[in-house]
Asks: 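Below is the structure I would like to discuss, written out as structure tokens.
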Amino acid sequence: MEEPRVGVFVCHCGINIGAYVKVPDLVEYAKKLPNVVHAERNLFTCSEEGISAIKKAIKEHNLNRVVVASCTPRTHEQLFRAACEEAGLNKYLFEFVNIRDQCSWVHMREPEKATEKAGDLIRMGIAKARLLEPLQEIEIKVTPAALVIGGGVVGMEAALNLARQDFDVHLVEKESELGGTLRSINKLFQTSEEAEKLIKTLVEQVKSHPKIYTHLSSKAKEVTGFIGNFDVNVDEKGEECKFNVGTIIVAIGAESLRPTGQYGYGKMTNVLTQLELEDHMKRGEPVGENIVMVNCVGARVPERTYCGRICCMTAIKNASLIKESNPKAKVWILHRDLMTYGVDFERYYRKAMELGVRFIRYSLERPPEVIGEGKVERIRVYHELWRREIELPCDMLVLTTPLIPAEDSQNISKMLKVSLDEFGFFLEAHLKLRPVEFAMDGVYVCGSARWPTDVTEGVSQAYAAAAKAAGPLRMGYVKAEAINASVNEVECTGCGLCELLCPFQAIELQLKRDRMVSHVNEAVCKGCGTCCAACRSGAITMHHFTDEQILAQVEALFG
Amino acid sequence: MAEFEPRIIAFACNWCTYAAADIAGTSRIQYPPNVRIIRVMCSGMVAPEHISLALENGADGVLVAGCHPGDCHYISGNLKADERFQMVSKVVSILGVESQRVRLKWIATSEGPVFAQTIKDMVNELKELGPSPFKESRSADRARPALALEDMLQETKAYYCLECSKCTSICPVARYDPSYSPRAMIENAVLGLGSENIHDKKLFSCLACYACSLRCPSDVDYPAFMRRTREMAFRSGEYGCPAHGGFLHSVTRLMSRSPYKQKRLGWLTGKYKVSDQSDTMFFVGCTPYFEPIFGYLGVRALDITEASLKILNSSGVEPMLLADEKCCGHDALWTGDTETFQRLAGHNTKLIKEAGTKKIVFSCPEGYRTLKLDYPAHGFELGCELQHISEFAAEKIEKGELKFKEFSKKVTYQDPCRLGRHLGVYDSPRKVLEAIPGLELIEMEKNRECALCCGTSAFTNCGLYSHEMRVDRLREAEASGAEILVTSCPKCQVHFECAMNNRSEEKGPDIDIEVVDLANLVAGALA
Ligand SMILES: Cc1cc2nc3c(=O)[nH]c(=O)nc-3n(C[C@H](O)[C@H](O)[C@H](O)COP(=O)(O)OP(=O)(O)OC[C@H]3O[C@@H](n4cnc5c(N)ncnc54)[C@H](O)[C@@H]3O)c2cc1C
Ligand code: SF4
Ligand code: SF4
Ligand code: SF4
Ligand code: SF4
């Protein structure tokens, strides 16, 4: 490494710093520190004048490190880095020292001590600057195509959205037909629109769109690479089909839980799930005069603690449809709580009451009991509010079961290195700040794959995911963090601790010379340094925050 | 006298706490000017050694601060920071250092006032505690005299080298890492190029396993030569690539300079009989520190200590334990940090003498070697008998004082370098194992003088090659047909467990053998 030649620029920030901290003293002090070849003060370092002073000094004094002591890197680091770059200096050879927000402004009544602290901070900053190394941001070219996994309503909407923005889209569906769960649904709440109709229009649009390549009876077998360049290998009806995409949307939906023997399911002839009832009604088959529905079957129980969210609405919908076609029929919904979130849903619920659907609350401790031989005849239920048992006549018992994670969730989670939540649904990077995005760059999620959704929600998520996925495709390139981690393979023992800890799955143990060694994918690494702090062999260097740099700061403080 | 002004180092994450400190500024919240922030991208970036080094350098207080759980810019870096911090704070508390000196706090961007308050609180608490004692002792360490290369050559007689290269050909490190050559190191020094050795990270690859010097036709003591060279390196700020980020070395240095009374016997329960009157002492060693540090590997280092106490008690010995025993100094000595070694040796020698001890029993071969050979060599005479727990047990078995129940397992035995080649203790552990009815002792292909090392020593360079060595040794153990690999060194245990702890499931070495310390095995088989 060439001998560091550090230039130090101390800013007055008008009176913001200058009135509390003795800037001229700091400049004189800085001049005496090791490797400092130039120090000056500026009224406003971020002004035109200040910026050109930096550039001029870099040239005149042949500076190879620049330290600015002023406000905060959070607002001004980019600006000063750019100044360095314009003067031909790698922008990572710049170090910021915060003497305003974290010094002059918070020690306004103690100018002596504030000056002393600013001096310490400058000394620490210079100590780090001396050890800074140039870094390069890598630009990764993005293939302007996307992969959508899952051809349900949500996947189709996402694919159409991307295709309409003129990107090639590969839509991979494991079944021989598009449409997903909606293919088995009768009518949709709250509009009573026929699900089949909705699907049909969508399927037509998808099939006729020249930018969408639909792969039916297909599954993604292998996905390697990272944002911009995912190599995808699809098993299409037993044949391999390979292509490259820039971004990926996961829309594999969810499955409806099949009960295991509860309430006589599978043993008694007149017990169905809501999903089976949908089909029954679609075919126009009779449902009888007395219909009992039991909600929360297999949901909000110890082994599956979550609420299925949309299933209450499904029950209310089917109950209402029955009442509408046969007002004389009696329909009871036995529930534990009703989940009818949102303005429209609540209205829909009230309408069901108007139609004559009756709601009875039961508790988990005393679930309803089935009475009958080979066929349900009556249901005994303990009325929670009334505090007594009642019996209901029953021609058909309908079990409302929740959506559960799609069968392939685990596989896909591993293949794409994206997380699942505690129940096995896909988990986005941040609930509030980064919905539909995975921590893994370039991969997005929408629809019931994330969490049980109804069509409206699912479609809005499809739009969001498509918008996110289109971003990098339109840009044509992505920039990876220059401040990243790298592995010294000789020092690595291949313990895999780093691979386990990296929140972004940027690390993979790879087989080299017969041994597993860690490898950081610099396109994926975000530079959090978690791996580096964890590596017990000192094999990882966290650039721009190396152990040496941190230690230099510590040592500089205590001299 | 001016009022004591504590100096605090705060490792603040860029996204939350650093921002909160800025917000305190924007809102002009005034707080004492005692904190110096070191900006890090994520609190997960803060390694244990950063905290201990800050203490070593004289920080009166250290604050690690990041985003609240769930808000981490990097998803979960702060949770990792928390785990690590818990480990560090356990170690700090065993050292006896006041808990107020190291703190972890979650401070969100919007919480400028919380940041200011945290600093105010810390300053007040630290003022009450007074200055960190490590500040003073640090400056003394700075003035170390340099070592002359020529003196070192005279002392170790390295110039007798015949350039036969027997050392390099027997050296286990050289077998895995072709760029490492003890012969070349010696040659460099003899040719007056010793300073190259000093800046060569490979200097710290040597295991001091003594395989080479046992073979050298010219009696060159390579480990001694290497140790002196490391001493020179240490004085010019070279440490090789210390394992565990140098945290263990840093803790040892802190311990050596610490006026605090340690809290190292917190694990001791009424289950074991100990006595302050006893003339037999048990040297606990570093296991109380290893316990939190290596917990992540699932190693319970204190099990070995407890098992040793059980063996002692069963033989009718109620040993004395020193409440403020310090590290024996082995690692300091072998990494060239002689000052730290001397301080530790001085401390322990004084305590041992004051206690009127006649005999010291060790479960750790390193402590045994160090007190037996290195203390006297540096002028610390203990004047008492020293024994490894295996020697102790062998003696008791001979006298019929230890009885065992049936234990039908096939085991093989790893000779730790310090116990074997350094001290020549090969037979006692084997005698002890063979005394257990049903137990079948199988030797590995390389045993006794030829035993392969566990791959690292003194927690220096522990990389790919150490791992390969370790895995090969474990494979050898497995191939012997043994179900258990018995070792009698807590560090062997740690290193082997580390190799087998294949975190990346499908990818790790598929070795399936149990590694058990001799003391544990013996204690478990006691009738
Ligand atoms: C009984 C019932 C009634 C409902 N009633 C209504 C209603 O009235 N109104 C309403 O708004 N919502 C209703 N819903 C919810 C609705 O079904 C969902 O909102 C919708 O299906 C979500 O769409 P999706 O595309 O996310 O998932 P899905 O419809 O589940 O589609 C996922 C698709 O991905 C495919 N797939 C799965 N794994 C793979 C793989 N590995 N590779 C390739 N493809 C794969 C599947 O085959 C499927 O085609 C109901 C749900 C149920 C169970
Ligand atoms: S933590 Fe360190 S030693 Fe372990 S695999 Fe990662 S880089 Fe290698
Ligand atoms: S720095 Fe963070 S993101 Fe990068 S590889 Fe390490 S743990 Fe992963
Ligand atoms: S074995 Fe001895 S004599 Fe031979 S090269 Fe090594 S040090 Fe020199
Ligand atoms: S002591 Fe052991 S590791 Fe060191 S050089 Fe000699 S043989 Fe190699």
Side-chain angles (χ1 to χ4, degrees), chain A residues 72-74 96 98 100-110 113-114 116-117 120-121 124 429-431 439 483 488-497 499-501 503-504 509 515-517 526-530 532-539 542 545 547 550-551 553-555 557-558, chain B residues 5 7 9 14 18-19 21-22 24-26 28-31 33 36-42 44-50 53-54 57-59 72-77 80-81 84 116 135 138 177 241-246 461-468 498-499 501-504 507-508:
Chain A
T72 166
R74 294 176 56 250
F96 211 113
N98 185 327
R100 188 190 72 183
D101 297 36
Q102 297 179 1
C103 189
S104 68
W105 276 353
V106 287
H107 312 306
M108 296 170 118
R109 292 189 286 271
E110 297 168 284
K113 285 184 177 166
E116 187 195 321
K117 173 171 168 178
D120 283 352
L121 293 172
M124 291 162 75
H430 192 286
L431 204 66
I483 299 179
N488 177 340
E489 288 175 4
V490 170
E491 276 155 22
C492 166
T493 63
C495 72
L497 201 56
E499 186 189 54
L500 193 81
L501 291 183
F504 302 95
L509 290 193
R515 287 276 186 256
M516 299 308 289
V517 287
K526 298 267 178 253
C528 67
T530 301
C532 175
C535 176
R536 304 294 71 204
S537 295
M542 180 58 232
F545 293 90
D547 286 340
I550 289 178
L551 183 59
Q553 283 171 284
V554 172
E555 289 200 330
L557 172 56
F558 298 104
Chain B
E5 288 294 348
R7 275 201 284 187
I9 285 197
N14 182 58
Y18 191 90
D22 279 354
T26 334
R28 308 295 195 277
I29 304 173
Q30 304 296 297
Y31 59 85
R36 308 289 180 265
I37 291 184
I38 292 182
R39 180 164 70 122
V40 289
M41 294 313 284
C42 174
M45 198 179 253
V46 182
E49 57 274 18
H50 296 153
L53 285 167
N57 273 281
C72 177
H73 185 80
Y74 304 101
I75 305 172
S76 55
K80 317 276 153 59
R84 236 167 260 147
K135 205 176 309 190
R138 175 176 175 273
D177 178 0
C241 184
H244 300 266
N461 298 16
C462 178
L464 179 60
Y465 304 119
S466 325
H467 181 66
E468 289 183 346
C498 177
N501 214 288
N502 50 4
R503 302 247 157 197
S504 52
K507 297 176 178 172

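Note that these values count all heavy atoms, side chains included, but never hydrogens, waters or copies made by symmetry. Here is how names work: the chains are called A, B, and so on, in the same order as the sequence lines, proteins then strands, and each is numbered from 1.
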Asks: Is the closest basic N to carboxylate O distance between D22(B) and R100(A) below 4.0 Å?
Replies: no

Asks: To the nearest 0.5 Å, how far apart are CD in Q30(B) and CE in M108(A)?
Replies: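 Answer for the CD-CE pair, Q30(B) versus M108(A), is 6.0 Å.
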
Asks: Where does Q102(A) contact chain B at under 4.5 Å (heavy atoms): side chain, backbone, both or neither?
Replies: both

Asks: If you draw a 6.0 Å radius around CZ in R28(B), do more than 12 non-hydrogen atoms from other residues or ligands fall strictly inside?
Replies: yes

Asks: Taking the side chain from K117(A) and the backbone from R36(B), do they hold a donor-acceptor pair closer than 3.5 Å?
Replies: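 No, because the side chain of K117(A) does not come within donor-acceptor range (under 3.5 Å) of the backbone of R36(B).
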
Asks: Is any side-chain heavy atom of R39(B) closer than 4.5 Å to a side-chain heavy atom of P73(A)?
Replies: yes

Asks: Ignoring hydrogens and angles, tell me if any N or O in the side chain of S537(A) forms a donor-acceptor pair with the backbone of C462(B) under 3.5 Å.
Replies: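 Yes, S537(A) side chain to C462(B) backbone: donor-acceptor pair under 3.5 Å.
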
Asks: Identify the heavy atoms of I75(B) and A439(A) that sit nearest to each other, and give their distance.
Replies: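 I75(B) and A439(A) have their closest heavy atoms at CD1-CB, 3.0 Å.
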
Asks: Do Y18(B) and T72(A) come close enough that some side-chain heavy atom pair is under 4.5 Å?
Replies: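 With C-beta onward as the side chain, the pair touches.
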
Asks: What is the distance from atom CD of Q553(A) to atom CD1 of I9(B), rounded to the nearest 0.5 Å?
Replies: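 One finds 8.5 Å between CD of Q553(A) and CD1 of I9(B).
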
Asks: Give me the atom names and distance for the closest heavy-atom approach of M41(B) to G527(A).
Replies: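 Scanning both residues completely, I find the closest heavy atoms to be CB-O, 3.8 Å.
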
Asks: Working to the nearest 0.5 angstrom, can you tell me the gap between C241(B) SG and N488(A) CG?
Replies: 7.5 Å

Asks: Side chains of N98(A) and I37(B): closer than 4.5 Å at any heavy-atom pair?
Replies: no

Asks: What are the two closest heavy atoms between Y74(B) and C528(A), and how far apart are they?
Replies: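 Heavy-atom minimum between the residues: CG-CB, 3.2 Å.
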
Asks: Considering only heavy atoms and a distance below 4.5 Å, find which of M45(B), K80(B), H73(B) pairs most often with chain A.
Replies: M45(B)

Asks: Partners of E49(B) by salt bridge (Lys or Arg N to Asp or Glu O under 4.0 Å), sequence neighbours excluded?
Replies: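 Here the qualifying residues are R536(A).
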
Asks: Can you tell me how far the NE2 atom of H107(A) sits from the OH atom of Y31(B), to the nearest 0.5 Å?
Replies: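 Atom-to-atom, H107(A):NE2 and Y31(B):OH are 5.0 Å apart.
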
